[in-house]
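Numbers restart at 1 for each chain; the letters A, B, ... are given by sequence-line order, proteins then strands. The figures that follow rest on heavy atoms only: side chains count, while hydrogens, waters and symmetry mates do not.
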Amino acid sequence: MAKERFDHIAIEKSAQEKWEALDIYATDLTDSEKESYYLLFEFPYPSGDLHIGHWFAFALTDIFARFKRMQGKNIFFPMGFDSFGLPAENAAIKNGADPAVWTEANMERMRAQVRTMGTSVDWSKEVVTSSPEYYKWTQWLFSKLYDHGLTYRKEAAVKWCPKDQTVLANEQVIDGRCERCDSEVEEKFLTQWFMGITKYAERLLTDLDPLPWREEIKDAQRAWIGKSEGAKLSFRVLFADDQKNEWRDEEGNPAQVAVFTTRPDTTFGATYVVLAPEHPWVAGALEHGTDVFSNEEEVRAYIQETSKKTERERLENKEKTGVKLEGVRAVNPATKEEIPVYIADYVLASYGTGAVMAVPAHDERDYAFAKRFNLPVTPVIDPVTGDEQEDPLHKGKIVAVVEHEGRVLSIHWKPELGGRLLVGGTVEEDEDPAVTAAREITEETGYTDLELVERAEEMVHHGYFAFSKNQATLAHTTLLHFRLNSDACDEQKLEDNEKGKFEVEWVTVEEAEREIHDDQHLYALARFMKPGAYVGDGLLRNSGQFDGRDNREAMSEIVDFVGGERVTNYRLRDWLVSRQRYWGCPIPVVYDPEGAVHLIPSEHLPWTLPTDVDFSPSAESPLATSKELKERVERIFGEGWTPEYDTLDTFVDSSWYFLRYLDANDENDFSDQSLLKKWLPVNRYSGGSEHTTMHLLYSRFFHKALYDLALVPTPEPFEERFNRGLILGTDGQKMSKRWGNIVNPDEMVQKFGSDAVRMYLAFIGPYNEPGSYPWKLDGAVAMRKFLDRVFQLSEKVADEAMTESERVSLAKAIKKITGDTERFKFNTAISGHMVLVRELENADVVSKEAYLALVSLMAPFAPHLAEHLWERMGGEGSVHTASWPEEIAVEEDTVVIGVQVNGKRRGEISLAKGASEEKAMEAAKADETIGRLLHEGVLDKVVYVPGRILNLVIT
RNA sequence: GCUGGAGUGGUGAAAUGGUAGACACGCUUGCCUUAGGAGCAGGUCCCUUCGGGGGUGGAGGUUCGAGUCCUCUCUCCAGCACCA
């Protein structure tokens, strides 16, 4: 017979009404009795419908909010809407909807849906970023940052769609293409607003270290900031014709270019200089007008060509391109040699100084360029392999690569002699290494028809311990490349004593790479068969007075020697916050008739969005079409004054919303200092991993800037950060309208109840780490069954004292559920509920005390059912303001521990708690299997960890 | 390529260095019958001569004891990537 199931619709309705009537979720932010706990989740964009992903974000964080509330914390759990953004504007373009009305309607629908979740959000502190009450303060904070030089204007590239004839926001560019029409995006130069995030790069980096965040989050931020330490060096520029040597830069200094390098130790190997095509020095020289470059036409053409290329095209074309600046030479500050100067688009204008010294021997990109343009490659670092040895004997050695018909010669030693190698040998005194090599090849293989192809200039220094001679050795190995022209073989020359010790084999380069494990031989193989740059460390050569020194150790001396300075560079660029869009926060500035920038005085804030605008795509922001805005500016500031037409990136709005929550309705300040002091930093912030480098970094920057202005009391906004996972469609694909696989939670909630849906989501996997989970209906069904069992259990409740076995079960459950919930491990917490329920089901009666404890433990996870059962059991008030069950200490009299023999589990024994080793041994001997094993061997050692394990070592 | 993270049943997963696979899904055997998205009892890592034996991507190592720590290696995921 079907058991009774609870009526989730009725239960949810009555619970939600009760909570509203009791108003239990409104937080008294000034409460000084209870400990404060600020729990934050990323507020949503009001796209319209709530999908299952929103449940995963809001309802699961709510579990934790309810848990903390029951633990007696003064929990602050607010919500709001990140309501500026493109979809509202697209709707306006598409069907003429007013973005404000469209957005408000969406928010209203979403608020209602969130209520069905039964979250304990404090709606009285709601924040809506598109409301003038909120953006007034976004504008005010912008002004503060402007006053302190943290926002500024400069010309910069924006993304431009040639088909739609409009500027695109970064978010609208997908893989270098326009989101709407799929055409390739071009760059356009416009004057833009920036925020000086790079000034905070170092602090954003170092303050990351102590944060208790997952390493992958911190590491993604570190990569985004991209710190690299190096040096800035100056290269003097000479002109072919002495008469033109008059040319000087803007400050009147002799012509020179600065380069940034992370490898100043390789300066002696710089054989040419490359400038970005956009480098100001090049533009300056072209403007100079006196034929600085004899191939000026070619230079201009190349610059033109690259400027037309999209970013995508520049990246796609892996083949290096560039043009030599004819008639110009640079002076290598280390060697004083004159070297050529190029422009090439593999050098980025926006990083470092926009110029590099090219060291083809030790940089892959420079190497590729040098090969293409036939430029000299000068190695300045000799690799060091093997182990460092004390007082080594120095020996001259050779390693030879012998090539024949696409294969290389390898000597396959017997494994005990070292495995596969190339040909190697020791140089006799005063012998030419090439002679040594030829001799060794012939002695070991008999081949005689050898031709020396190349002899590497560099050496490999290889440290090893020669066991045969009991001698520490440092070999200085010369690398040689031979070609075997015919397989003529002279067996006579084979050394007798080498016969049988090894096999001679011809192998492919790939096989050799795989099977040779000696670094020195591998280097030789790569050196000739796969030529490229050596980017590792070693000993300097071709480096004048620094020859023979360790490259790292000599680094700063070389910087001094060439008159450079140590500098640090960051990959992070300043934050471009201008958007040529309507539905965003207006930038609170105006321009006087001369075009100078003026902040809009705070009495005119909020500087509201005009409504008389044309949304159709154009080169400028829709704000430029507003008559009202123009008139407003002239009315307030005077004739000839003009408005700013751009709006702010929505990431600015979301960089401080958690400050506003604390004082959401304040008309006189952006927040409240005493509340900020009491509540910051946010204790726990949960969100999606897609925001790791954007929102999370921007808000950290914003917060630090406000901290420096004494507007917030902490240097970091968030104490803990958790990235949640992703709920996929039933097909395992990411949910999207495109795939038609969006799971509608409303339907599920109707069928199985809000509690079942939320618990299923909580059970799906660990919430404290990101993962992707396909939605499975079966899971929600199963969870509903479990909730029915909890409900049915109430029929067995009797007003009796708690039994000992109930106490034991409850003690275990409380400990597990409390610990797991604290760590966001809701999946294992729920397994704790399940075990407890099963144990209670096994008895004929359940004591009311135990059942109420179960209901309390369930309350954060199934808030509606728990409320209903609490009421039914006669609980006072709401279960959600009741206290979380305290841990119960139980004295278990017996424990079952495993018995291992030599580390393998061979049985288990039941012991009195805290039993002695003797008792444990007695019990172990009594066990049939263990007893037998004890008889078979001699007991060598006993490891006894009371309450855990007994391990017997038997020999 | 660089940097992180992770590899455990058919699936989601669980295990402060101490009995690997808890808790579920799915599958399966049997029972029950107001045929339901029902309930109950059992089985479900592999091998087995039913005594046991093996097993956490692979190979080594540390340890009385390793899924967990160390070295190498393979695979997958994520971030960054012409950043000098």
Side-chain angles (χ1 to χ4, degrees), chain A residues 1-3 5 214-228 230 259-263 266 270 274 276 314-315 317-318 320 344-348 350-359 362-366 368-369 517 535 569-573 689-690 692-693 723 751-752 760 763-766 769-774 776-786 788-789 792 816 819-820 825 827-835 838 896-909 928-929 932 940-945 947-954:
Chain A
M1 195 188 90
K3 297 272 181 80
R5 309 181 67 200
R214 276 175 73 92
E215 204 51 42
E216 64 190 351
I217 304 177
K218 296 207 263 183
D219 205 72
Q221 291 216 349
R222 290 190 190 108
W224 193 262
I225 295 167
K227 179 179 183 170
S228 54
V259 303
F260 172 72
T261 178
T262 55
R263 293 293 303 275
T266 63
V274 192
R314 261 170 94 149
L315 280 172
N317 190 5
K318 286 281 169 193
K320 297 270 182 292
D345 68 2
Y346 82 92
V347 174
L348 308 176
S350 54
Y351 184 79
T353 61
V356 301
M357 64 173 202
V359 185
H362 304 292
D363 182 281
E364 294 290 353
R365 297 150 303 184
D366 297 341
F369 191 85
H517 298 292
V535 296
N569 248 309
Y570 300 90
R571 204 189 65 88
L572 187 72
R573 309 288 152 81
S689 35
E690 70 274 19
T692 301
T693 43
N723 280 1
K751 255 187 188 155
F752 308 113
Y760 167 59
F763 192 61
I764 209 164
E769 50 188 84
S772 331
Y773 310 101
K776 283 202 183 119
L777 190 54
D778 289 331
V781 174
M783 203 48 80
R784 173 54 194 248
K785 285 184 202 167
F786 172 66
D788 280 326
R789 278 167 58 202
Q792 286 147 15
K816 177 163 185 62
D820 289 350
K825 292 211 55 171
N827 56 335
T828 50
I830 290 171
S831 88
H833 291 124
M834 289 170 165
V835 171
R838 195 176 52 208
V896 176
I897 66 167
V899 181
Q900 296 179 334
V901 173
N902 296 335
K904 269 281 162 198
R905 178 188 171 268
R906 287 292 121 100
E908 59 185 34
I909 50 174
E928 205 182 315
T929 311
R932 181 173 53 79
D940 200 38
K941 186 174 175 179
V942 177
V943 180
Y944 176 55
V945 185
R948 291 221 176 266
I949 200 81
L950 176 68
N951 190 12
L952 309 176
V953 184
I954 296 173

Visitor: Examine rG39(B): is either OP1 or OP2 under 4.0 Å from a nitrogen or oxygen in the side chain of Arg789(A)? Give yes or no.
Guide: no
Visitor: How many angstroms lie between CZ in Arg222(A) and NZ in Lys227(A), if you round to the nearest 0.5 Å?
Guide: 11.5 Å
Visitor: Both distances under 3.5 Å, Watson-Crick or G-U wobble: report the partner of rA24(B), or none.
Guide: rU11(B)
Visitor: Look at the side chain of Ile949(A) and decide which nucleotide, out of rG18(B), rA38(B), rA13(B), has an atom nearest to it.
Guide: rG18(B)
Visitor: Give a yes/no on whether any side-chain N or O of Arg906(A) is located under 4.0 angstrom from OP1 or OP2 of rG53(B).
Guide: yes
Visitor: On the nucleotide rG79(B), are OP1 or OP2 found under 4.0 Å from the side-chain N or O atoms that Ser689(A) carries?
Guide: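 So the side chain of Ser689(A) is outside the cut-off, no N or O lying under 4.0 Å from OP1 or OP2 of rG79(B).
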Visitor: Given atom CD of Glu769(A) and atom P of rG5(B), what is their separation to the nearest angstrom?
Guide: 13 Å
Visitor: Does rG51(B) fall in syn (glycosidic angle within 90° of 0) or anti?
Guide: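 Syn, which is what one calls it when the glycosidic angle falls within 90° of 0.
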Visitor: Should rG58(B) be called syn or anti, with syn set as within 90° of 0?
Guide: anti
Visitor: Say whether, by atom type as modelled, one donor and one acceptor occur between the side chain of Arg263(A) and the main chain of Val535(A) under 3.5 angstrom.
Guide: yes
Visitor: Any base atoms under 4.0 Å from Lys218(A), or only sugar-phosphate, or nothing? Heavy atoms, all strands.
Guide: nothing
Visitor: Nearest to the side chain of Lys776(A), heavy atoms from C-beta on, is which of rC23(B), rU11(B), rA13(B)?
Guide: rU11(B)
Visitor: Should Arg571(A) be listed as having a side-chain N or O under 4.0 Å from OP1 or OP2 of rA81(B)?
Guide: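 Yes, within the criterion.
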Visitor: Quick check on rA84(B): is either OP1 or OP2 less than 4.0 Å from any side-chain nitrogen or oxygen of Tyr351(A)?
Guide: yes
Visitor: Distance check: side-chain N/O of Asn827(A) vs OP1/OP2 of rA14(B), anything under 4.0 Å?
Guide: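 The answer is yes; a side-chain N or O of Asn827(A) sits under 4.0 Å from OP1 or OP2.
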Visitor: Where is the tightest heavy-atom contact between Thr692(A) and Gln221(A), given as atom of each residue plus distance?
Guide: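 Closest approach of Thr692(A) to Gln221(A): O-NE2, 2.9 Å.
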Visitor: Give a yes-or-no answer on whether the side chains of Tyr760(A) and Asp778(A) include a donor-acceptor pair shorter than 3.5 Å.
Guide: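 No, because no side-chain N or O of Tyr760(A) sits under 3.5 Å from a partner of the opposite role on Asp778(A).
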Visitor: Under 4.0 Å: is that the gap between some side-chain N or O of Lys825(A) and OP1 or OP2 of rA15(B)?
Guide: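 Yes, because at least one side-chain N or O of Lys825(A) sits under 4.0 Å from OP1 or OP2 of rA15(B).
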Visitor: Look at the side chain of Ser831(A) and decide which nucleotide, out of rC23(B), rG4(B), rC64(B), has an atom nearest to it.
Guide: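 Of the options given, the side chain of Ser831(A) lies nearest rC23(B).
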